[in-house]
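Worksheet: the structure to be examined is printed underneath.
Counting starts at 1 for both ligands and their atoms, in listed order.
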Amino acid sequence: MARVLVTGGAGFIGSNLTDRLLAEGHEVAVVDDLSTGRLANLDDARSRPDAPLTFHEIDITSPDVVAVVADTRPEVILHLAAQIDVRRSVADPIHDAMVNVVGTVNLLEAARRHGVGKVVMTTSGGCIYGEPGPADLPIAEDYPGHPHSQYGASKRGVEEYFYAYSALYGLRWTSLALANVYGPRQDPGGEAGVVSIFGGRMLQGLPLTVYGDGEQSRDFVFVTDVVDAVVAAIDRGDGVRCNIGTGETTSVNQLFASLAELTGYEREAQYAPERPGELRQIALDTRLAGAELGWKPRTSLREGLARTVDWLRD
Ligand SMILES: NC(=O)c1ccc[n+]([C@@H]2O[C@H](COP(=O)([O-])OP(=O)(O)OC[C@H]3O[C@@H](n4cnc5c(N)ncnc54)[C@H](O)[C@@H]3O)[C@@H](O)[C@H]2O)c1
């Protein structure tokens with residue numbers, strides 16, 4: 001049992017993580033500015049009688065973060081708060097860097113000043129390695145590619161601060177490079193919102209657009225598997241970045257077909273021109289996560305999609 005501070009805890013992954021931490025008996029302080037997260041995502045957690053949970057509506061770039069860390073004295077910080085929208089990062093790179101770089105450094109300063117032992121951060125396995133060729137897949141952590149978006153750059157660049165804080169102050173850290181995460185509570189506007197967008201529209205019988213030929217493919221990993229990895233990183237995987245995905249690729253057309261079957265959707269997809277800058281293919285090699293964290297994905301795509309559709313139905 002530990003005192004844990006979760007940034008971004010009202011978001012998709014953060015709220016699933018908060019539920020798990022409380023179920024395992026940890027004491028949790030959530031910091032979130034509710035810019036994309038929703039307090040309703042924490043309804044289950046907040047409705048547990050005597051749950052050791054506090055919520056702090058704070059921007060991670062503000063000095064108030066230091067006060068929360070001073071008050072709650074976490075042993076570990078699980079840092080998920082971020083500007084996660086790739087297109088927004090291209091349109092407004094200053095905002096992206098403010099949240100993802102300056103916000104993270106603000107948190108590291110708070111951690112250093114108040115004796116936090118470890119910080120775990122989530123980064124983007126889809127954006128920090130650039131655009132690998134098909135022969136390079138699945139991508140390992142040492143792949144030499146560089147980001148093709150400001151979001152990828154902010155997420156990759158800020159990792160260097162973790163090395164510096166470790167060298168200067170002995171702060172322990174792990175970075176988890178997530179593939180395309182999907183599951184209950186995902187906002188259809190998010191980075192990998194394709195599952196919730198498709199599922200939600202299919203359940204309502206609405207038309208659906210696929211951009212490009214639908215053969216672009218992604219590595220879809222279920223949110224509870226990602227939560228397993230974050231929890232494992234509380235005690236393990238110091239000083240490394242680990243990819244968290246399945247190593248398998250699923251095309252948008254395959255995803256469409258699986259979701260259509262699960263939702264009883266009978267319309268055909270409508271195809272529109274490919275969107276510029278979209279990755280053709282990505283899959284992550286997760287062997288390091290196996291060795292460092294004792295982690296592997298447990299949920300098949302079929303099961304994860306079924307659980308997501310059930311949630312969308314509710
Ligand atoms: N969803 C994915 O497929 C995916 C893939 C790779 C990496 N990630 C990473 O996982 C983390 C969580 O992403 P998510 O999918 O749950 O997104 P999300 O938008 O649901 O969660 C992010 C949370 O951070 C909060 N937040 C944003 N800016 C903030 C700020 N300045 N101060 C305080 N809180 C702030 C938001 O309100 C939200 O609750 C992010 O770090 C993201 O980069 C997600």
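For a threshold of 3.5 Å applied to N or O pairs, the pair formed by Asn180 and ligand 1 contains no separation below that value. The distance criterion of under 3.5 Å between nitrogen or oxygen atoms is met by Asp59 with respect to ligand 1. An N or O contact shorter than 3.5 Å is missing between Ile84 and ligand 1 by distance. Taking only nitrogen or oxygen atoms, main chain and side chain alike, Thr122 reaches within less than 3.5 Å of ligand 1. Checked by distance only, ligand 1 and Phe12 come closer than 3.5 Å through their nitrogen or oxygen atoms. Remark: ligand 1 and Leu80 share an N or O pair separated by less than 3.5 Å (distance only, no angle test). For ligand 1, none of its N or O atoms has an N or O atom of Thr61 under 3.5 Å away. Remark: ligand 1 and Ile13 share an N or O pair separated by less than 3.5 Å (distance only, no angle test). Below 3.5 Å of separation, one finds an N or O of Gly37 facing an N or O of ligand 1. Checking only distances, Val31 never comes within under 3.5 Å of ligand 1, N or O to N or O.
In Thr7, neither the side chain nor the backbone holds a heavy atom less than 4.0 Å from any atom of ligand 1. Within the 4.0 Å heavy-atom criterion, both parts of Asp32, backbone and side chain, lie near ligand 1.
The 12-atom threshold is not exceeded at CZ of Arg87, counting heavy atoms of other residues, nucleotides or ligands nearer than 6.0 Å. Within 6.0 Å of CZ in Arg287 there are 12 or fewer heavy atoms belonging to other residues, nucleotides or ligands. The number of heavy atoms from other shown groups lying within 6.0 Å of OH (Tyr265) is above 12. Within 6.0 Å of CD on Glu215 lie more than 12 heavy atoms contributed by other residues, nucleotides or ligands. For NE2 of His95, the number of neighbouring non-hydrogen atoms (other residues, nucleotides, ligands) closer than 6.0 Å is greater than 12.
Residue contact check: Leu34 has heavy atoms under 4.0 Å from atoms 37 (O) of ligand 1. Each of the atoms 32 (N), 33 (C) of ligand 1 lies under 4.0 Å from some heavy atom of Ile58. Every atom of ligand 1 is numbered from 1 in the order shown, and the set under 4.0 Å from a heavy atom of Gly11 is 20 (O), 21 (O), 38 (C), 39 (O). Counting atoms of ligand 1 from 1 in the listed order, those under 4.0 Å from a heavy atom of Gly8 are 23 (C), 24 (O), 39 (O). With ligand atoms numbered from 1 in the order given, ligand 1 contributes 1 (N), 2 (C), 3 (O), 4 (C) to contacts under 4.0 Å with heavy atoms of Val181.
In this structure, Ala179 counts as a contact residue of ligand 1, since one of its heavy atoms falls inside 4.0 Å of the ligand. Ligand 1 has at least one atom lying under 4.0 Å from a heavy atom of Thr123. At a 4.0 Å cut-off, not a single heavy atom of Asn100 sits close enough to ligand 1 to count as contact. Judged by the shortest distance from any of its heavy atoms, Tyr151 lies inside the 4.0 Å radius around the atoms of ligand 1. Under a 4.0 Å heavy-atom criterion, Ser124 is in contact with ligand 1. Under the 4.0 angstrom criterion for non-hydrogen atoms, His79 is not in contact with ligand 1.
Side-chain contact of Thr286 with Asn243: a donor-acceptor pair under 3.5 Å is absent, judged by distance alone. A side-chain N or O of Thr61 and one of Asp59 form a donor-acceptor pair less than 3.5 Å apart. For the residue pair Asn100 / Gln83, no side-chain donor-acceptor distance below 3.5 Å is found, with atom types taken as modelled. Tyr165 and Glu109 form a side-chain donor-acceptor contact under 3.5 Å, judged by distance and modelled atom types alone.
Of all the listed residues (Ser35, Ala10, Gly193), Ser35 holds the heavy atom that lies closest to atom 27 (C) of ligand 1. Checking Leu178, Asp33, Ile244 against atom 29 (C) of ligand 1, the nearest heavy atom belongs to Asp33.
Grouping the Ile, Leu, Val, Met, Phe, Trp and Tyr side chains by contacts below 4.5 angstrom, directly or via other members, places Met121 apart from Val28. Residue Trp311 is grouped with residue Leu305 when hydrophobic side chains (ILVMFWY) are merged at heavy-atom distances under 4.5 angstrom, including chains of intermediate members. Both Phe222 and Leu259 are members of a single hydrophobic cluster when ILVMFWY side chains are connected at heavy-atom separations under 4.5 Å.
A salt bridge (charged side-chain N to carboxylate O under 4.0 Å, His left out) with Asp19 is found for exactly one of Arg48, Arg46, Arg185, namely Arg185.
The NZ atom of Lys118 sits 10.0 Å away from atom CZ of Arg236, with the distance rounded to the nearest 0.5 Å.
Ring geometry for Phe256 versus Phe198: interplanar angle over 60°, hence perpendicular rather than tilted (30 to 60°).
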